[in-house]
A.B. asks: 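Just passing along the structure, written as structure tokens.
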Amino acid sequence: MLNPSTAKAVIDHALFLGADFAELFVEHHQSGSVEFNAGDVDKINGGIDFGIGIRLFFGHKVLYGYTNSTEEEELKRVTSLLAAKDNRDQIMQASALNFSRLTDRHPVRQPLSQDANLEAKIAFLRATDKAARAENDKIAQFIGRILQRQQQVEIFNSNGLHTGDTRHYTRIAATAVAQDGSEQSTGFEAPGALTGWEFNSRIDPTSLGQQVAKQAMIKLTADNCPSGEMPVIIGNGFGGVIFHEACGHLLETTSVAKKASVFHDQMGEMIANPVVSAVDDGTMENEWGSINIDDEGMATQRTQLIKDGKLTSFMVDQMGAKKTGFAPTGSGRRESYKFAPTSRMRNTFIEPGDSSLEAMIASVEKGIFAKKMGGGSVQPGTGEFNFAVQEAYLIEDGKITRPLKSATLISTGPKVLKEISMVGQDFELAAGMCGSVSGSVPTTVGQPALKVDNILVGGN
């Protein structure tokens, strides 16, 4: 996408101006989506974006700019504007560029193209809509969306790195709305993968439609949730969003380097119950949060964050490594060429344990089964959070008795890690998008079901 000789000239120019390190991130991004609403196709969108991000290090200072031009003079002009913000007398020497491409771990059979598979996508959404509405006559609306995109990246830096990767993403989102008089509730699922349109073979449209409709109907007739501190069983899959938001971000050097994380000085210490082990893994084949290389050009890897309750690693990008002394983990990520990379999660999850869901429920005299988690908010630095529960049930005398609505879980990440006493065997992953200082990136959350002995539940 960019002539290597041009890239080398711009990098040499940056170092001549005093930068300690220079990097070019070249991106070509294509997307296409189909949206379904009110029983028919609502929107068909597509687009292409291209740009080049220029990043310079001056000590621990990061300067970043971008342009849509591939012209050498324009790239040098942007570089000069950045370098003018910091002047150094020392001139570094750039290494010769050496192109390398890692073996693609994520095979794709049906990549994004202009018209291919459009009718198949529309048919998929129609089938999902039909199944959702057939589930119950109180299903008043169905909204569906299929997004497919292709991101091609090329990275050059002053250490001699020249590498590239092509990433293919497909995601299917389905929402069912149930209504009974003035009462309304929703069900939502959005599976995704690092793959092409062949992803549809893993998702049955009828089952997807039925699933979101059942979620909506369960909440429509649910009882109010009790409030107070009590044990909670958090369901598998998207239940991992609590670990991601309330704990995962505290293990990124984005916060660790600034000592904005409560875990910044606890490496090697017990930060969780010994039944808890957690991983951030970018190598899992075709998973939504996987990558061959990160957005700094480093090969991705599996990073053991917590092992048997002990903190064993952070997620580290290049600048995070300079500031903290920890080795990079292939965790430098960014939304696009418009953002400088920072340490970010990939596929982040709590590993399976040896307890059954039935045993967890049986151990609770009175509490909540949070089968499906929803969105929430987190206070950076402390991990204080409140998360809505999308699908919840009351547990009484070791048995699930009735569905609940409006449940909210309130605590802190560090506290919850120590309150987990049982970890299940029913491990599952779920796709999501994570926003941070380097934009929004695909990430996967996950866990088996787990028991939190004591957590504040907010209800009506």
Side-chain angles (χ1 to χ4, degrees), residues 1-14 22-34 43-56 62-83 97 99-102 104 106 108 110-118 146-158 161-171 192 194-197 288 290-298 332-342 344 433 435-442:
M1 292 186 289
L2 181 64
N3 189 310
S5 63
T6 299
K8 181 68 163 59
V10 175
I11 289 171
D12 285 343
H13 180 65
E23 172 197 81
L24 300 180
F25 178 84
V26 189
E27 178 190 17
H28 180 277
H29 183 267
Q30 182 179 358
S31 64
S33 66
V34 182
K43 296 176 184 176
I44 298 175
N45 294 321
I48 295 175
D49 193 14
F50 175 84
I52 301 175
I54 301 172
R55 184 171 61 147
L56 308 180
V62 178
L63 301 176
Y64 195 78
Y66 61 88
T67 177
N68 303 113
S69 173
T70 60
E71 295 298 320
E72 181 177 320
E73 290 309 309
E74 171 62 11
L75 293 166
K76 286 183 175 179
R77 185 187 72 82
V78 175
T79 302
S80 296
L81 289 173
L82 294 173
L97 294 173
F99 182 79
S100 65
R101 184 183 291 271
L102 295 177
D104 191 350
H106 315 290
V108 172
Q110 298 184 55
L112 176 65
S113 61
Q114 190 65 31
D115 300 312
N117 302 313
L118 178 59
I146 295 176
L147 170 67
Q148 191 172 359
R149 63 189 186 93
Q150 177 177 303
Q151 183 195 35
Q152 185 177 357
V153 302
E154 189 174 21
I155 303 167
F156 305 84
N157 71 30
S158 53
L161 176 74
H162 177 199
T163 189
D165 192 23
T166 301
R167 301 155 182 172
H168 303 268
Y169 295 96
T170 300
R171 196 174 192 194
L194 184 71
T195 189
W197 175 236
W288 177 249
S290 292
I291 42 179
N292 287 307
I293 57 172
D294 71 359
D295 292 326
E296 299 179 312
M298 180 176 176
R333 304 190 67 192
R334 62 182 112 195
E335 177 180 330
S336 71
Y337 66 89
K338 297 178 182 178
F339 296 84
T342 54
R344 302 291 298 276
M433 296 297 294
S436 186
V437 292
S438 61
S440 181
V441 298

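The structure presented is a predicted model; accordingly, all values stated were derived computationally and were not measured.
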A.B. asks: Taking all heavy atoms of Leu161 and all of Glu296, pick out the closest pair and write down the distance.
C.D. replies: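 Heavy atoms of Leu161 and Glu296 come nearest at CD2-O, 3.4 Å.
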A.B. asks: Walk me through it: do Thr166 and Gln150 pass the test side chain to side chain contact (heavy atoms under 4.5 Å, CB included)?
C.D. replies: CA-CA 7 Å; Thr166 301; Gln150 177 177 303; 3.9 Å; yes
A.B. asks: Which residue, Thr67, Asp295, Asn68, forms the side-chain hydrogen bond (donor to acceptor under 3.5 Å, both in side chains) with Tyr337?
C.D. replies: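 With Tyr337 as partner, Thr67, Asp295, Asn68 yield a single side-chain hydrogen bond (donor to acceptor under 3.5 Å, both in side chains), made by Asn68.
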A.B. asks: Under the rule for side-chain contact (heavy atoms from CB on, under 4.5 Å), what residues qualify as partners of Phe50, not counting sequence neighbours?
C.D. replies: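 Phe50: side-chain contact (heavy atoms from CB on, under 4.5 Å) contacts with Met1, Val26, His28, Ile52, Thr70.
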A.B. asks: Is there a donor-acceptor contact under 3.5 Å linking the side chains of Gln148 and His168?
C.D. replies: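 No, no side-chain donor-acceptor pair sits under 3.5 Å.
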A.B. asks: Where do Ser438 and Thr342 come nearest, in terms of heavy atoms and distance?
C.D. replies: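 Nearest heavy atoms, Ser438 then Thr342: OG-OG1, 3.1 Å.
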A.B. asks: What distance do Glu23 atom CD and Ile155 atom CD1 have between them, rounded to the nearest 0.5 Å?
C.D. replies: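 Going from CD on Glu23 over to CD1 on Ile155, the span is 6.5 Å.
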A.B. asks: Taking the side chain as every heavy atom from C-beta outward, state whether Arg334 and Val153 have any pair of such atoms under 4.5 Å apart.
C.D. replies: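 No. Closest side-chain heavy atoms not under 4.5 Å.
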A.B. asks: Could you tell me the separation between the NZ atom of Lys338 and the CZ atom of Phe25, rounded to the nearest 0.5 Å?
C.D. replies: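 Interatomic distance, Lys338 NZ to Phe25 CZ, rounded to 0.5 Å: 13.0 Å.
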A.B. asks: Quick one: closest heavy-atom pair of Gly332 and Pro341, and the distance?
C.D. replies: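 Closest heavy-atom pair between Gly332 and Pro341: C-CB, 4.2 Å.
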A.B. asks: Would you please name every residue forming a ring pair (Phe, Tyr, Trp, His ring centres under 6.0 Å) with Tyr169, sequence neighbours left out?
C.D. replies: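 Expected list: Trp288.
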A.B. asks: Where is the tightest heavy-atom contact between Asn117 and Trp197, given as atom of each residue plus distance?
C.D. replies: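 Closest approach of Asn117 to Trp197, heavy atoms only: CG-CD1, 3.3 Å.
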A.B. asks: Run the numbers on Ile54 and Leu24 for side chain to side chain contact (heavy atoms under 4.5 Å, CB included), then give the verdict.
C.D. replies: CA-CA 5 Å; Ile54 301 172; Leu24 300 180; 3.6 Å; yes
A.B. asks: Taking all non-hydrogen atoms of both residues, which atom of Ala22 and which atom of Leu56 are closest, and how far apart?
C.D. replies: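 In this case the closest contact between Ala22 and Leu56 is CB-CD2, 3.8 Å.
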A.B. asks: If you measure from CZ on Arg77 to CD on Glu72, what distance do you get to the nearest 0.5 Å?
C.D. replies: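 That separation rounds to 14.5 Å.
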A.B. asks: Indicate the atoms forming the closest heavy-atom contact of Ala9 with Lys76, along with that distance.
C.D. replies: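 Ala9 and Lys76 have their closest heavy atoms at O-CE, 3.8 Å.
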A.B. asks: Would Ser336 and His29 count as a side chain to side chain contact (heavy atoms under 4.5 Å, CB included) here? Give the steps.
C.D. replies: CA-CA 9 Å; Ser336 71; His29 183 267; over 6 Å; no
A.B. asks: Determine whether Glu73 and Glu71 satisfy the following criterion, side chain to side chain contact (heavy atoms under 4.5 Å, CB included), listing intermediate values before the conclusion.
C.D. replies: CA-CA 6 Å; Glu73 290 309 309; Glu71 295 298 320; 5.5 Å; no
A.B. asks: Distance from Ile293 atom CD1 to Arg101 atom CZ, nearest 0.5 Å?
C.D. replies: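 Output value for this atom pair is 7.5 Å.
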